[in-house]
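None of the values given here were measured: they were computed from a predicted structure. Ligands are counted one by one from 1 in listed order, and the atoms in each one are counted from 1 as well.
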Amino acid sequence: MYAKNAWQQYSPEDMKALEAFAQDYRKFLDGGKTERECVKEAVAEAEAKGFKSLDDVIRSGETVKPGDRIYCAWMKKSFMAFIVGTEPMENGMNILGAHIDSPRMDIKQNPMYEDESIAYLDTHYYGGIKKYQWVALPLAMHGVVAKKDGTCLEVAIGEDPADPIFYISDLLIHLSADQMQKSAREVIEGEALNVIIGSMPLKDEEKEPVKKAVLQLLKDKYGMEEEDFLSAELEIVPAGASREVGFDRSLIAGYGHDDRVCAYPSLRAIEDYEGVPARTLCAILTDKEEIGSVGATGMNSNFFENVIAELLHAAGIDSNLAVRRMLRNSYMLSSDVSAGFDPNFASVFEKKNAAFLGKGICFNKFTGRGGKSGSNDANAEYVAQVRRIMDDNGVDFQTAELGRVDAGGGGTIAYMCAKYGMNVIDAGIAVLSMHAPWELISKADLWEGYKCYLAFLKDAGK
Ligand code: MN
Ligand code: MN
């Protein structure tokens with residue numbers, strides 16, 4: 001149904017299913033604070049639900065057939081799952097595509113220093129953030145340290161209540177006369193995002209005794225040398241688990257809803273799909289969206305196209321034309337979050353074309369900025385098809401633009417998949433405080449998102 005409050009239509013059974021799904025999502029969100037952790041969770045879930053690794057399929061030389069459930073983890077940072085359909089693969093796929101990277105602060109390669117008996121790690125922020133939001137709050141460290149001997153140390157510190165956390169200081173209000181005059185962009189500058197990691201000096205040490213003490217700890221605990229930071233990917237993220245919000249617990253505050261709140265239901269939709277589909281189904285969880293989908297694990301890379309070629313090869317089809325047809329004939333939902341209407345900041349929205357919490361999955365025909373610059377503008381015929389699918393399957397949905405015309409803007413992976421000539425539209429969940437350390441979503445929208453993605457896998461292209 002279009003633009004109705006979903007909560008008002010739920011039966012007690014609906015409420016039970018919605019609540020169970022919300023709790024499953026929270027587990028995924030709390031366990032997956034980095035793209036690598038999300039891929040790890042996705043692989044474990046997919047294997048438990050009968051998906052086999054594409055690498056294993058290639059190695060064994062087995063022929064892929066309808067009903068086969070296959071996944072591919074790309075460089076441990078992006079993930080794809082497929083269910084092979086009965087129709088020729090060249091007829092195209094029904095694709096869900098979300099991203100699993102979120103804004104954060106990355107540890108620099110030469111990060112460590114000591115200043116006035118405090119040891120710090122220097123960071124470089126990742127993605128679009130309001131830097132002043134990321135100070136004076138509990139922080140955790142997640143990631144990997146790759147060592148020269150080929151081993152890779154996995155790090156996750158600050159989530160267990162018994163763990164220490166990390167911290168970036170802000171200036172006390174008493175001495176902030178000058179700071180309070182600055183523009184929000186400069187209140188906290190990028191180079192001021194320095195993480196406190198210790199303050200206890202080594203006893204008989206003159207030079208940098210705190211830094212040396214911390215390095216000693218790292219060596220004893222993790223076998224790590226200072227130089228190992230050179231080949232590490234360590235991400236500083238808000239510490240702690242997601243929480244339910246409100247007396248009615250209808251909302252969830254958590255780190256990284258953008259875009260795990262679409263990634264998780266996309267993953268679940270393909271995993272929970274029962275039977276053998278006519279069209280081949282696909283879910284993509286990709287990396288690097290927040291910095292422009294660049295790099296070997298971002299959607300601008302050819303990894304997806306290459307995997308499609310491998311899949312066709314495994315099905316006995318070695319044809320470049322078949323790859324192109326399979327992509328061209330696909331239908332896709334770019335599963336990415338939308339800006340939720342915020343009554344506290346009503347002036348940046350245009351109410352007739354805004355996404356509201358609780359009104360279901362949100363379709364953005366286009367995103368972009370200014371005169372729709374940089375957007376994928378979905379075809380009217382395709383929008384009609386998704387409207388029909390939503391109504392046929394009782395999914396609550398709404399349509400929106402990303403704020404008022406000329407208020408700002410943003411993009412998703414939609415236009416990168418559209419370059420293959422496939423039909424793509426953005427379909428995601430509305431978020432308040434997007435890109436803040438703690439973002440807010442509605443459980444009803446999460447549930448309608450899952451229903452939407454399932455319905456789309458089942459009915460698109462029919
Ligand atoms: Mn996003
Ligand atoms: Mn984003």
Query raised in the report: Of all N/O/S atoms in E290, which lies nearest to the Mn ion (ligand 2)?
Result: OE2
Can you tell me if an N/O/S atom from [X] lies under 2.8 Å from the Mn ion (ligand 2)?
X    : value
H435 : yes
D336 : no
D259 : no

Query raised in the report: Looking at F356, is K359 sitting on its ring face, NZ or CZ under 6.0 Å from the six-membered ring centre and within 45 degrees of the normal?
Result: yes
Requested in this report: Identify whether NZ of Lys or CZ of Arg in R328 sits under 6.0 Å from the centre of the six-membered ring of Y420 and within 45° of that ring's axis.
Outcome: no
Requested in this report: Decide, counting backbone as well as side-chain atoms, whether H99 has an N, O or S atom less than 2.8 Å from the Mn ion (ligand 1).
Outcome: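 Yes, within the cut-off.
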Query - the Mn ion (ligand 1) to D258: nearest N/O/S atom name - result: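 Going through the N, O and S atoms of D258 one by one, OD1 ends up nearest to the Mn ion (ligand 1).
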Report task. Give a yes or no on whether a salt bridge exists between K365 and D377, defined as a side-chain N under 4.0 angstrom from a carboxylate O. Result -> yes
Query raised in the report: Between the side chain of S78 and the main-chain N/O of W74, is any donor-acceptor distance below 3.5 Å?
Result: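 Here the side-chain-to-backbone pair does not exist.
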Query - Polar side chain donor-acceptor pair, Y222 to D228, under 3.5 angstrom - result: no
